[in-house]
**Q** 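Before I ask anything, here is the structure I am working with.
We name chains A, B, ... by the order of the sequence lines, and we start the count at 1 in each one.
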Amino acid sequence: MFDAPATRALKKYVQVMRMKNNSLLVNGIAVALLGIGAAQAADQPISGGALTWGVTTEPSCFDPHRSSQQAAFFVARNYIDSLIAKKTDGTFAPWLATEWSISADGKEYTYKLREDVVFHDGEKFDAVAVKANFDFIFKPENAATAVSLLQTFDHAEVVSPYVVKLVLSKPDSSFLESTSNVKLGLISPKALEKGDLCGGGRALAGTGPFIFEGYTRGQSAVFVRNPAYKWGPGNAAHEGPAYLDRVTFRFLPEYAVRTGALTSGQVDLIEGVQPTDAPLFAEQPDFKLLTGPSGASTSFTFNINYTRPPADDVRVRRALRDGFDLEPIVKQVYLGTVPRAWSIIGPANPAYNKALVGSWGNDIAGANKLLDEAGWTGRDSEGFRTKDGKRLSIEVGYPQPYVRDNRDILIQGVQASLRKNVGLDLNLRLITAGEYAKNNANGTWTIYPNTDNPSDPARELWDMLGSKGFLYANISNPDPEITRQIDEALASTDPVRKRELTDAVQKRGVDQAFIVPLFAPSWFLAAKSTVNGLSFEAGLDSPSSAYDFWIAKK
Amino acid sequence: MWSRIISRLFTSLVVAWASVTATFVALHALPGRIQDILAGDLEYPGLREAIAAEWGLNRTLPEQYLDFLFRIFRGDFGTSYVLRQPVIEVVGSQLLPTVELALTAGVLAVVIAGGIALLTAGRSNFSREVASVLELVFASTPVFWLGILLLMAFSFNLRWFPVSGAEGWKSIVLPSITLALPTAGLLTQVLREAMEKTLDQPFVTTVRARGVGEFIIRWRHVLRHALLPAVTLGGWLIGGLLGGAVITEKVFGRPGLGTVTLGAVLTHDVPVVLTVVLLAAFIHVAASTLLDILYVLIDPRLRAQ
């Protein structure tokens with residue numbers, strides 16, 4: 001309807017009119033027309049332009065092998081590629097590997113590699129490079145956090161220059177997914193030899209669509225287009241090099257500052273939008289708001305240590321699970337932008353157990369009855385239940401560095417409801433990461449609020465409930481039933497059987513109230529309306545890399 | 001006068017040595033193993049052994065102490081195991097932006113305080129009332145809030161200044177005003193009270209009787225007398241500026257020591273925290289030494305002794 005010059009002229013007109021008189025009507029009409037113009041221009045991707053992205057968290061380490069920060073991974077995706085890519089439906093697409101096969105015993109994974117890939121430092125990408133990466137991560141002295149994905153890894157073999165075989169010590173159904181994970185992304189072997197890559201910069205040479213140009217601590221990280229890039233993942237929207245010349249990540253930890261930076265046009269895109277700010281961007285002519293799926297990561301959950309009194313009594317745990325109405329609390333804190341959770345796994349994940357919807361929660365009479373049966377019949381001066389003079393109190397130890405997007409407020413809402421409804425003292429305490437690490441090492445943690453990093457569903461369940469996962473590794477007597485189901489799911493090479501098992505684990509986890517799911521977190525992106533190609537990556541459950549992004553002409 | 005300055009410098013060295021010793025004692029007084037404390041929240045095979053080797057933890061305590069002293073003297077502050085970099089690189093690269101911010105804010109605060117005090121001291125007019133209300137407001141406004149307000153007005157709406165970063169003079173304007181205003185508020189009150197006291201002194205009447213103009217009286221004679229209590233506040237001022245810089249840097253997304261310190265505290269990066277503590281102590285010592293020498297220059301009575 002409008003060509004570019006006409007749109008520009010209209011914009012000018014709006015500016016002039018805004019200066020001259022502040023008539024709402026004039027503004028409204030002109031802005032509406034502009035919106036249509038922008039929609040017209042938004043058809044064909046254009047190469048070129050620079051984008052500034054305001055993000056919440058500054059990664060403390062840019063090396064994906066060594067980072068454990070969710071916030072670092074989607075930044076790393078701009079310069080790091082993986083062997084394969086995970087699609088939203090849970091299946092996999094080719095990337096640096098064109099084909100892959102799994103041996104019948106589930107212990108050998110063979111990848112056929114692309115032959116035209118070059119690292120940013122000019123090194124050739126081949127089977128030797130892949131082997132070098134896996135060997136590097138696997139070596140304990142290299143202290144790569146990604147080694148947690150190589151629990152069953154034994155060794156890598158170079159079959160031919162472009163065929164690599166990864167051999168496991170026992171079948172592991174989560175391994176294919178792991179090779180799509182950015183933590184096991186490929187870095188130039190020459191760069192790996194040079195030593196520490198946490199500080200980023202050109203030394204951190206991957207094969208990704210952008211090259212790491214530079215990093216200013218406390219301020220920004222800059223990436224420039226990799227012109228040689230022709231090996232994009234099979235799940236991307238286009239092929240060939242990225243559209244943008246340059247992407248700058250600006251670290252803006254304050255919500256209000258990020259919002260202001262976008263509304264005033266100083267950045268093009270922000271991540272982490274406060275629910276109250278959403279109306280500033282949603283359905284506005286100059287802006288857009290995108291809500292990401294909650295697919296790969298787990299729900300935000302209370303993980304209850306079921307071996308510590310009083311929570312070792314299933315009746316107490318169930319009373320905690322059912323003694324409050326979750327729906328309105330989530331709605332109040334997040335203004336309807338995120339759904340409440342029903343299971344440990346997020347609702348957009350293919351492995352989500354839908355049968356759990358509506359199966360638990362908000363049964364206050366039942367919860368009170370359970371606590372009466374369990375002997376918590378006394379009441380103290382503050383109205384909390386007691387037994388033998390001891391208050392019914394369970395601590396939620398929330399490590400301060402992980403407190404984000406109003407999750408502490410949500411817990412306070414639950415705390416108030418439980419106190420009022422059933423007289424249970426859910427004691428929220430913000431602790432240091434060090435204190436948590438100590439409680440974890442001694443197995444004395446009580447309730448740990450958590451969202452698990454994305455990985456294979458069986459691996460996530462293992463993380464949170466498995467006998468050697470991060471929560472139960474130091475507890476000597478975890479539930480034999482659930483740990484057996486998880487071990488079997490991990491070893492299963494039959495997807496149908498695996499699905500039955502992960503469903504069963506989700507059911508038992510909630511039924512026994514080992515876990516109380518709270519809400520399914522999502523990522524929020526807000527951008528200028530001219531920024532196109534925004535999407536979310538299933539394998540990371542985060543915004544995608546800037547590979548498909550492009551900026552429309554105004 | 002020179003012996004006075006030299007003895008002051010010597011005491012400063014002793015204080016600096018004492019602060020290094022206190023840091024060492026504090027580290028060893030903490031419950032738990034030193035290698036666990038220094039590792040922060042990190043855990044990987046070989047880390048504890050590497051730390052023990054770097055800090056020489058198998059040696060006797062006096063040996064470790066001497067080693068620690070010499071290392072600090074050489075400027076070797078160890079390794080940040082969380083960031084996997086030498087601490088001196090992490091802190092060194094962040095020192096300049098903070099010094100830049102604190103210095104600009106400090107100068108700004110002194111100029112504002114001096115100007116307002118000169119103009120309003122001893123005058124019982126409307127402007128003095130307004131100024132003193134504003135001072136009270138700014139002295140008690142949280143830096144955090146002030147920063148957001150300034151951003152909203154001058155960055156988000158008027159778009160005169162960028163929201164974040166440390167590139168070019170424009171990016172330092174809002175942060176330095178944010179940091180300067182609370183300091184200036186308090187400093188003005190102290191300075192004005194001191195000036196008003198001085199204005200009541202008989203010597204001012206004498207000077208006035210000689211026919212000297214009001215401005216010269218204030219600028220040359222009264223301000224000099226009033227400076228002493230203000231200079232005493234200098235130590236507090238530097239502490240306030242460094243502390244305020246932490247929050248200012250966070251609001252404005254600026255690089256600097258504040259950002260690093262906050263991150264180090266949250267991730268239990270003890271080597272970085274230790275270095276920042278030592279650095280803060282050294283800066284305090286250096287500043288108070290400088291101020292004491294300044295006293296001697298300002299006050300002739302001290303020179304005569």
**Q** Given side chains that start at C-beta, do those of A/Arg217 and B/Gln94 come closer than 4.5 Å, heavy atoms only?
**A**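 Result yes, sub-4.5 Å side-chain heavy-atom pair found.
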**Q** Look up atom OG in B/Ser155 and atom CD in A/Gln266, then write down how far apart they are to the nearest 0.5 Å.
**A**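 If I round to the nearest 0.5 Å, the distance is 3.5 Å.
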**Q** Look up atom OG1 in A/Thr259 and atom CZ in B/Phe156, then write down how far apart they are to the nearest 0.5 Å.
**A**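 Those atoms lie 8.0 Å apart.
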**Q** Could you pull out the closest heavy-atom pair between B/Ile148 and A/Val257, with the gap in Å?
**A**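 It is CD1-CG2, 4.2 Å.
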**Q** Do B/Leu151 and A/Glu254 make a side-chain contact, defined as non-hydrogen atoms from C-beta onward lying under 4.5 Å apart?
**A**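 A side-chain contact is absent here, since even the closest heavy-atom pair is not under 4.5 Å.
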**Q** Got more than 12 heavy atoms from elsewhere within 6.0 Å of NZ, A/Lys194?
**A**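 Correct, the count exceeds 12.
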**Q** Non-hydrogen atoms of chain A under 4.5 Å away: do they reach the side chain of B/Val260, the backbone, both or neither?
**A**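 B/Val260 touches chain A through side-chain heavy atoms alone.
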**Q** What is the distance from atom OG1 of A/Thr263 to atom CG of B/Asn157, rounded to the nearest 0.5 Å?
**A**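 Spacing of OG1 (A/Thr263) from CG (B/Asn157) equals 7.5 Å.
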**Q** With chain B, which of A/Leu262, A/Asp196, A/Val267 has the greatest number of heavy-atom pairs at distances under 4.5 Å?
**A**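 Most heavy-atom pairs within the cutoff with chain B belong to A/Asp196.
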**Q** Find the distance between CD (B/Gln85) and OG (A/Ser60) and round it off to the nearest 0.5 Å.
**A**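 That separation rounds to 10.5 Å.
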